[in-house]
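Below is one structure; the comments refer to it alone.
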Number of protein chains: 2
Amino acid sequence: MNLRDLKYIISVAETRHFGKASERCFVSQPTLSGQIKKLEEELGVIIFERTNRSVEITPIGEAIMAHAYRILEQVGAIQQLALAHQDPLAGPLRIGAIPTLSPYLMPLILMPLKKQHPQMKLVLSEEMTDILLGRLHNFEIDAALLATPVDEQSLDVIPLFDEPFWLAYPREHPFYYKDEISRSDLDKTELLLLSEGHCLAKQAMDVCHLKDRKGQGDMADLRASSLETLLQLVGAGFGSTLVPALALRGSWASGSGIVARKLNLKDAYRRVSLVFRKSYPGRKALDEFARVILENLPDTVSPVIARKPVKKRTRPP
Amino acid sequence: MNLRDLKYIISVAETRHFGKASERCFVSQPTLSGQIKKLEEELGVIIFERTNRSVEITPIGEAIMAHAYRILEQVGAIQQLALAHQDPLAGPLRIGAIPTLSPYLMPLILMPLKKQHPQMKLVLSEEMTDILLGRLHNFEIDAALLATPVDEQSLDVIPLFDEPFWLAYPREHPFYYKDEISRSDLDKTELLLLSEGHCLAKQAMDVCHLKDRKGQGDMADLRASSLETLLQLVGAGFGSTLVPALALRGSWASGSGIVARKLNLKDAYRRVSLVFRKSYPGRKALDEFARVILENLPDTVSPVIARKPVKKRTRPP
DNA sequence: ATGGGTCATAGTTTTTATCTATTATTCTAC
DNA sequence: GTAGAATAATAGATAAAAACTATGACCCAT
């Protein structure tokens, strides 16, 4: 059986005329006759009782027809479904982002995104880098906004922007009167870190040339589980911390006993990228998503101008 | 799109593996890959996100799959339907019969038919010859039991039996002491006829060498609309009438003031046949129906032994 | 009878699907 | 890291299916 055959018999059933039916199907009359005959032989039943002068459908043919209509209906549904999704921007885009980025980046782009692509649905999740990579591989998300270099063969990367780190410290701190912070300044302060797993913690330590003290416990006791908590601690005078630039735009930024200053260090930034499976079919949607992000960044971060060089591809175009 | 393609994608969706899926479909892996790729191009959507190591279904693919399952379900329904009807004896057989035959023949064959072909369903209708022929041509019945020769090219005939006419007359009639009736006897009696349209009326007149007096009115007043009514009239002494042999077996046959005698005439019979469209596809069912009739006839009628010679056929075997 | 209309058949050509062999890629194991 | 196993994609050849044109058989109407 074949969908074409079903179209043929429906055409004949509706016209009661092989010639007219064949025209309607854009095939010759012998073709139509032949295919219908083949179908009848395959099913072992006569669908049409025909003479030279008349074509009439048999009772069993009538029953078959009912199913044929339903089948073609479903086929149409598939085609319509596919058509609606042909726009690569359609369909939910499942995006994961790290917790030190998501709350500060998403508010910037959600409105513009909705304005430019009203039909694009986002499903957001907020997890630490390793979790997100796992989810990428498990096909649970389509792309991840990460701040860590990724070098896995199965993943591809769209670099987005470099986000500088600032130092946040209590207003009562002696740094209060400085405009910029140098590395020597950093050594003089107690640095508060996020709990393990957050890439920001490691990045902060790298910037400050601290050795990872994981497992030692003395400092671990002070580690916070979120950037907001961390800033609460800073405000309460427990120490200072590194904050990525986008996080400075929150409501706490002014009048919460916290001061933030730019770091006068060359490598005090993290590169934020959009990471996705090379095999992910919605590349266009991701490109568009990345574009919207880049267009709505504040001045505090530096967009990556040069897009990544084209890597050798699995399948030539 | 193609039903084969739908089987392919379902197979891949279920195995998440092109190789295993292709085995399950009894085709090579490249074949499966190629067809799925073609389907994806036709629909303009990616159904499977695949790398060398993994195959995962996309959201739109998932949606398509739901419809694909329903389609194949319907296809199965068609095949099952067809299988159930492959037996040519299956399906309702729509039989028409003339009123002077139906009430007397049907009781003879319904039980044997049910015994031999329990799955064969009959739909009976009782009309006069012309009506039945019209219904045959309108595909409203599949075959008709007639007592009139039919010579239409589009119709075919299975002769069944010759049914003699008997003379029915009131017990008080002088014929009462005769065993057989000759033509000269016929002239001496008032012959009652069925109303116009019944073939029996014309046949009776032919047998008696009467001219058709339709429109004259004198005799028409006495015409009855059914054989039962006619016999009531005979019983009441209004005259006598010709009765086909099978009708003699009714309950009125004894003790109702009516006597029936055989006619001593060579041509005093009518040939009962099964008539159907040449194009009717259930020929086998009709042959079987005819066989059951012939096997259950009483001695009062003469089965036609020699089956009709094969006429030139529309399509050589 | 004859001609028009209609479906079936025959034979050929075109299109489509399939196969085998091979390539490219990536993961795993040593 | 390098070799090997696994897996999907590609290429080219072959087989199968479906399409077309031309023709035939038949019925009906004039």
Side-chain angles (χ1 to χ4, degrees), chain A residues 1-9 11-13 15-23 25-42 46-57 137 151-156 277-279 281 311-317, chain B residues 1-9 11-13 15-42 46-57 136-137 151-156 277-279 281 311-317:
Chain A
M1 203 184 319
N2 198 315
L3 292 177
R4 194 198 312 108
D5 298 339
L6 297 184
K7 284 182 195 141
Y8 289 169
I9 63 173
S11 192
V12 171
T15 59
R16 311 267 145 138
H17 190 289
F18 276 61
K20 291 196 185 89
S22 69
E23 272 179 39
C25 295
F26 306 104
V27 295
S28 68
Q29 171 263 316
T31 296
L32 189 98
S33 288
Q35 289 308 113
I36 288 183
K37 188 184 172 197
K38 204 151 69 78
L39 178 63
E40 286 179 331
E41 279 167 4
E42 176 191 333
I46 301 292
I47 297 174
F48 298 108
E49 182 181 335
R50 41 206 189 271
T51 68
N52 316 24
R53 310 303 299 170
S54 67
V55 174
E56 201 60 28
I57 190 162
H137 285 119
D151 189 24
E152 295 190 39
Q153 284 185 305
S154 64
L155 296 181
D156 211 340
R277 296 180 299 279
K278 274 182 182 162
S279 62
K311 299 173 77 170
K312 56 182 175 180
R313 316 213 307 195
T314 306
R315 291 159 209 126
Chain B
M1 200 183 327
N2 198 313
L3 292 176
R4 194 199 312 110
D5 298 339
L6 297 184
K7 283 181 194 141
Y8 288 169
I9 63 174
S11 192
V12 171
T15 59
R16 311 265 145 141
H17 191 289
F18 276 60
K20 292 197 185 88
S22 68
E23 274 180 37
R24 208 204 260 196
C25 295
F26 305 104
V27 294
S28 68
Q29 172 264 316
T31 295
L32 190 98
S33 288
Q35 289 307 115
I36 288 182
K37 188 183 169 195
K38 205 152 69 80
L39 177 62
E40 287 179 330
E41 280 167 2
E42 176 190 336
I46 302 291
I47 298 173
F48 299 107
E49 182 182 336
R50 42 207 189 271
T51 67
N52 312 21
R53 312 302 301 171
S54 67
V55 174
E56 201 58 28
I57 190 162
L136 265 182
H137 285 118
D151 190 24
E152 295 190 37
Q153 284 184 304
S154 64
L155 296 181
D156 211 343
R277 297 181 298 279
K278 273 182 184 164
S279 63
K311 299 172 78 171
K312 56 182 174 177
R313 315 212 307 192
T314 306
R315 289 157 212 127

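Within every chain, numbering begins at 1; the chains are lettered A, B, ... in the order of the sequence lines, protein sequences first and strands thereafter. All of these numbers come straight from a predicted model, not from anything done at the bench.
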Dump every N/O contact between nucleotides 19-22 of chain C and the protein below 3.5 Å, one line per pair.
{"residue": "C:dC19", "atom": "OP2", "partner": "B:Ser28", "partner atom": "N", "Å": "2.5"}
{"residue": "C:dC19", "atom": "OP2", "partner": "B:Ser28", "partner atom": "OG", "Å": "2.9"}
{"residue": "C:dC19", "atom": "OP2", "partner": "B:Thr31", "partner atom": "OG1", "Å": "2.8"}

Item checked: Least distance between heavy atoms, B:Ile36 atom then B:Phe18 atom ->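 Closest heavy-atom pair between B:Ile36 and B:Phe18: CD1-CE2, 4.2 Å.
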*asked:* On a heavy-atom basis, which atom in A:Lys278 and which in A:Asp156 lie closest, and how many Å separate them?
replied: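 Closest approach of A:Lys278 to A:Asp156, heavy atoms only: CG-CB, 3.9 Å.
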Worksheet item: Any luck finding a side-chain donor-acceptor pair between A:Thr31 and A:Gln35 under 3.5 Å?
Response: no
* **side-chain N/O A:Lys38 vs D:dA17 OP1/OP2, d < 4.0 Å** => no
**OP:** Tell me whether the OP1 or OP2 atom of C:dT18 has a side-chain N or O from B:Tyr8 closer than 4.0 Å.
**Re:** yes
Between A:Glu56 and A:Arg50, is the closest basic N to carboxylate O distance under 4.0 Å?
->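 Looking at A:Arg50 and A:Glu56, the cut-off is not met.
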| Residues in salt bridge (charged side-chain N to carboxylate O under 4.0 Å, His left out) with A:Glu23, at least two apart? |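 If we apply the salt bridge (charged side-chain N to carboxylate O under 4.0 Å, His left out) test to A:Glu23, skipping adjacent residues, there are no hits.
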Review point. Got a second to check how far A:Lys7's NZ is from A:Cys25's SG, nearest 0.5 Å?
Key: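 Interatomic distance, A:Lys7 NZ to A:Cys25 SG, rounded to 0.5 Å: 8.5 Å.
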Result for 5'-nearest mapping on DNA chain D, choosing between A:Gln35 and B:His17, is B:His17
Q.
Judged by each residue's nearest nucleotide on DNA chain D, which is more toward the 5′ side, A:Asn2 or B:Gly34?
A.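 Closer to the 5' end of DNA chain D: B:Gly34.
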Protein and nucleotides 28-30 of chain D: nitrogen or oxygen contacts under 3.5 angstrom:
none

### Task
With heavy atoms under 4.0 Å as the rule, sort B:Phe48 into base, sugar-phosphate or nothing.
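No contact at all - B:Phe48 keeps every heavy atom at 4.0 Å or more from the nucleic acid.
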request  = Using a heavy-atom cut-off of under 4.0 Å over every strand shown, decide if A:Lys20 touches base, sugar-phosphate, or nothing.
outcome  =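 Since no nucleic acid heavy atom lies under 4.0 Å of A:Lys20, the category is nothing.
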Derivation and outcome, side chain to side chain contact (heavy atoms under 4.5 Å, CB included), residues B:His17 and B:Val55: CA-CA 6 Å; B:His17 191 289; B:Val55 174; 5.7 Å; no
Please determine whether any donor N or O and acceptor N or O are separated by less than 3.5 Å between the side chain of A:Asn52 and the base of D:dC27.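 No such pair is found, so the answer is no.
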